[in-house]
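In what follows, a structure is listed as structure tokens, so that the remarks can point back to it.
Throughout, protein chains are lettered first and strands after them, A, B, ... in sequence-line order, and every chain is numbered starting at 1.
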2 protein chains.
Amino acid sequence: MKASRPTIADVARAAGVSKGLVSFALNDRPGVSPESRARILAVADELGWSPSVRARSLSSNVSFAVGLVIARDPEIIADDSFFPSFISGVEQVLAPRGQSLVLSVVGDEHLEEATYRRLAAERRVDGVILTDLRSADSRVPLLREIGLRAISLGRTDVDASAIPAVTLDDAPAIHDAVRHLVGLGHTRIAHVAGPDRLLHAARRKASFLHAIASSNLATPTVIETDFSAADGARATAELLDRAKRPTAIVYANDAMAIAGLGVARRAGLDVPRDLSIVGFDDSAIGRYIEPALTTVATDARGWGFTAADALLRLVEGEEVADIELPPAQLVVRASTATAPSEPTADRRHR
Amino acid sequence: MKASRPTIADVARAAGVSKGLVSFALNDRPGVSPESRARILAVADELGWSPSVRARSLSSNVSFAVGLVIARDPEIIADDSFFPSFISGVEQVLAPRGQSLVLSVVGDEHLEEATYRRLAAERRVDGVILTDLRSADSRVPLLREIGLRAISLGRTDVDASAIPAVTLDDAPAIHDAVRHLVGLGHTRIAHVAGPDRLLHAARRKASFLHAIASSNLATPTVIETDFSAADGARATAELLDRAKRPTAIVYANDAMAIAGLGVARRAGLDVPRDLSIVGFDDSAIGRYIEPALTTVATDARGWGFTAADALLRLVEGEEVADIELPPAQLVVRASTATAPSEPTADRRHR
DNA sequence: GCTTGTCTCTAAACCGGTTTAGTCTTCGAG
DNA sequence: CTCGAAGACTAAACCGGTTTAGAGACAAGC
């Protein structure tokens, strides 16, 4: 009539063996006779024994959990469909392996370092997944200092060998997007980019600029944003206000593209007749708005899956090499069309 | 030159006292002279000591973590802006108190029970926050069975006293929305509801029906969905296909409202001239689309904050009573307007 | 002077596992 | 027949904290 759950000692007593042997048997380690092993497992099962992570963590110096620290304004996370999909991919790996995900959302980057330090000091997690890499990211030396293993989404520019990366190449899709627009006759194509300090945002921007250059177009306008719908709207308004406004805009995420579409419409423009719009993310909403959003699909779920799997392998001591996922794909829908003939350029404003 | 971090024993040795006394001093417990306490704290600080949650958890039988299990398809979470805001509110309470959030995204409800059981069996968390309550929710008896403390978002219909609830009343805002539409001359107002088995979705539907009834309108059409943008689009198409199509639609979330707007547009309708649309969530994107979405704002962040705070108090043994948050608020923007005069009802379809 | 009580502190048990050192059998090789 | 090695198993240490029982010092009360 024990109130609390059975411990390994209870199992040992019931099976008539020592604690140590039970531990061996339960962990599939050699040195246990087949009969004893079977009996121990049977008894453990009968008693409804299950291991206490607490005890196991303490003695084996392993947390059986991985961390994910997201340093973004919650509103921006909400606008972005990346994280939910990403996290579900991570879970898909963790759950069957008995691991947990410790999530921290820290709002601003100043609390970030403290959060990683706490995770490491308290030994809450065995490793972390690094997202939203920044240029000269201070987390790379920080993680080394506090001895926390990590996998990064995209390669860091600090010390590429320090942290294994799972990469997903945006460039081909962005080139395709620009080529697609150029093919439709667009020559003034602008880019509403993410924060320049975020490597992936910078990389998308660079890919964009490169694609424009290789199409022999003039240097385009690029406006930097914080990835929020609000900032996407502001950037769009700014672009449309220009004397020679762009006839196409490539956004760094769907939320901004959708907000931009709203702004364009309010400015009296028809999308895609007067303005073509390309998003990035392939969010569900983009498929249903009118016009349906031409966008770039990245496999966020697969990214989470792969990163989590790599991290667990890393934590278990395996050497993990960088992993390259299939590149992002351009999805052409209805928000892009033939460029307007020149005169149209003045139908703007009110 | 110790490689690993200092333990309480190191501090004790350095301060010339016993382990036990160090523990007392660090936990602000009586029975330590002021001088000893000061010295111990100074030494601990100097050595850079920080507690190991692992050890602390094992000996004190407390996990210092709370769980959140989300049983939804990841795509639906991505469409929904609730969880990111909610989680950031939760973090705001947890982080300063040294607690962690263990997140599980389980995709479908069948894995849910196993997840809770695992969380409890492994003693990963001290309590959980229950979201997306269902009618006759099996988690209520389950949590009792496995002895996991919990706070629920909204009151359960199983045994209201079993789990303290943090409630946020949608009804006034939904009544306001209906009144607002009725005031604009609408008489055929439909509702695109969430899954009926979700209590909050059912409650929103009930509020809607009640508001319609008290406005003396005929029983309206209600279509049930799974909350996804895709299903919102389907429901909208179905509504617009009816002989007597509604002139206004109240959606159970913004994602569906936005998808519905796209469908309406594709059907050749102008929003809000031919069809008024009301969302629910006050997502950022809704503010920027054209027309800007009339919607209902709920304080997801505050909900997370309050629920997490209540849960921690509960875990510490305090009696926690139900907490009622300020009700949701209708936000009128541009997607609602005067009802079209009757003939308009036939401009639909292609 | 002796008891009682309070304060400060130590030693040791404890939480529930893992791991190491070492004992006891058994069996094959020489 | 003896020795060595392998296999099965036990006892005990250990992880890093918390908590309890109790020791010693000292002051107050009778």
Counting any heavy atom closer than 4.0 Å, what does Val17(A) reach on the DNA or RNA strands: base, sugar-phosphate only, or nothing?
-> sugar-phosphate
Could you pull out every donor-acceptor pair under 3.5 Å between side chains of residues 40-53 of chain A and any protein atom, sequence neighbours left out?
residue: Ser50(A); atom: OG; partner: Arg5(A); partner atom: NH2; Å: 3.2
residue: Ser52(A); atom: OG; partner: Arg54(A); partner atom: N; Å: 3.3
residue: Ser52(A); atom: OG; partner: Ala55(A); partner atom: N; Å: 3.1

Sugar-phosphate only, base, or nothing, as touched by Ser52(B) at under 4.0 Å among non-hydrogen atoms | sugar-phosphate
Write down the distance between CZ (Phe24(A)) and C1' (dC9(D)), rounded to a whole number of angstrom.
-> 9 Å
Considering the terminal five base pairs at each end of the helix from dG1(C)-dC30(D) to dG30(C)-dC1(D), what angle separates the two local helix axes, rounded to 10°?
-> 60°
Apply ring pair (Phe, Tyr, Trp, His ring centres under 6.0 Å) to Phe83(B) and list each qualifying residue two or more places apart in sequence or on a separate chain.
-> none
Boundaries of the chain A footprint along DNA chain C (any atom under 4.0 Å from a heavy atom) = dG16(C) to dT20(C)
Lys/Arg N to Asp/Glu carboxylate O, Glu109(A) vs Arg134(A), below 4.0 Å = yes
Which part of the nucleic acid, if any, lies within contact of Arg123(B), taking any heavy atom under 4.0 Å across all strands shown: a base, the sugar-phosphate backbone alone, or nothing?
-> nothing
Listed by chain and number, what are the side chain to side chain contact (heavy atoms under 4.5 Å, CB included) partners of Arg117(A), not counting sequence neighbours?
-> Glu113(A), Leu142(A), Glu145(A), Ile146(A)
Name the atoms and distances for all side-chain donor-acceptor pairs under 3.5 Å in residues 88-98 of chain B, with sequence neighbours left out.
residue: Ser88(B); atom: OG; partner: Ser85(B); partner atom: O; Å: 3.1
residue: Ser88(B); atom: OG; partner: Arg301(B); partner atom: NE; Å: 2.6
residue: Arg97(B); atom: NH2; partner: Asp309(B); partner atom: OD1; Å: 3.1

Give, ordered by number, those residues of residues 56-65 of chain A having at least one heavy-atom distance below 4.0 Å to an atom of DNA chain D; if nothing qualifies, reply none.
-> Leu58(A), Ser59(A)
Select from Gly20(B) and Ala55(B) the residue whose nearest nucleotide in DNA chain C is closer to the 5' end of that strand.
-> Gly20(B)
Of all residues at least two apart in sequence or in a different chain, which pass the side chain to side chain contact (heavy atoms under 4.5 Å, CB included) check with Ala165(A)?
-> Ser152(A), Arg155(A), Thr167(A), Asp322(A)
Donor-acceptor pairs are to be reported for all side-chain atoms of residues 21-34 of chain B against protein atoms at under 3.5 Å, with residues two or more places apart or in another chain.
residue: Asn27(B); atom: ND2; partner: Ser23(B); partner atom: O; Å: 2.8
residue: Ser33(B); atom: OG; partner: Ser36(B); partner atom: N; Å: 3.2
residue: Ser33(B); atom: OG; partner: Ser36(B); partner atom: OG; Å: 2.9

Residues in side chain to side chain contact (heavy atoms under 4.5 Å, CB included) contact with Arg144(A), at least two apart in sequence or another chain = Asp159(A), Ala162(A)
Could you run down the sub-3.5 Å N/O contacts of the protein with nucleotides 24-26 of chain D?
none

Where along residues 32-50 of chain B does a heavy atom fall under 4.0 Å from DNA chain D?
-> Trp49(B), Ser50(B)
